[in-house]
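Have a look at the structure below before the remarks.
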Amino acid sequence: MRLVVDLNRCQSYGQCVYAAPTVFRFHGEESLEYDYAPDGSVRREVERAAAACPVQAITLSGATEPAPGASGDGR
């Protein structure tokens, strides 16, 4: 999973911090920090954070399934 936040669009409302505090945090009063590649175990929280962002500054990408060939079955 890959996470991108458009910091030019972000207005520091902090909804992401409340939805996924292990991924998003404020450094100082308005500087958002986040984990660019959070563990898949927090995907649901990250999806909620993206949905809760009032300015839609959060983009989540990455396959929900393993990459082709990752299973080792040759397909």
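Values below: all heavy atoms of this structure, side chains included; hydrogens, waters and symmetry mates excluded.
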- Can you pull the ring pair (Phe, Tyr, Trp, His ring centres under 6.0 Å) pairs that have at least one residue in residues 31-60, sequence neighbours excluded? Tyr34-Tyr36
Looking only at non-hydrogen atoms, find the nearest pair between [X] and [Y] and report the distance.
X: Cys10; Y: Val5; answer: CB-CG1, 4.5 Å
X: Arg48; Y: Ala19; answer: C-CB, 4.2 Å
X: Ser12; Y: Phe26; answer: O-CZ, 3.8 Å
X: Leu3; Y: Asp35; answer: CD2-O, 3.4 Å

- Query: With sequence neighbours excluded, what pairs up with Asp39 under the side-chain hydrogen bond (donor to acceptor under 3.5 Å, both in side chains) test?
  - Reply: Ser41
- Item | Beyond-backbone contact of Ser61 with Val4, side-chain heavy atoms, under 4.5 angstrom | no
- Item | With Thr22 via side chain to side chain contact (heavy atoms under 4.5 Å, CB included) - residues at least two apart | Val42
- Arg25: salt bridge (charged side-chain N to carboxylate O under 4.0 Å, His left out) partners, not counting sequence neighbours: Glu33
- Message: If you apply the rule side-chain contact (heavy atoms from CB on, under 4.5 Å), what do you find for Leu32 with Cys16, and how did you get there?
- Response: CA-CA 10 Å; Leu32 182 69; Cys16 58; 4.0 Å; yes
- Does Val55 belong to the same Ile/Leu/Val/Met/Phe/Trp/Tyr cluster as Val17, with side-chain heavy atoms less than 4.5 Å apart forming each link? no
- Task: Determine which pairs satisfy salt bridge (charged side-chain N to carboxylate O under 4.0 Å, His left out) with at least one residue from residues 3-21, sequence neighbours left out, and list them in order.
- Result: none
- Query: Mind checking who shares a hydrophobic cluster with Tyr18, ILVMFWY linked at side-chain heavy-atom distances under 4.5 Å?
  - Reply: none
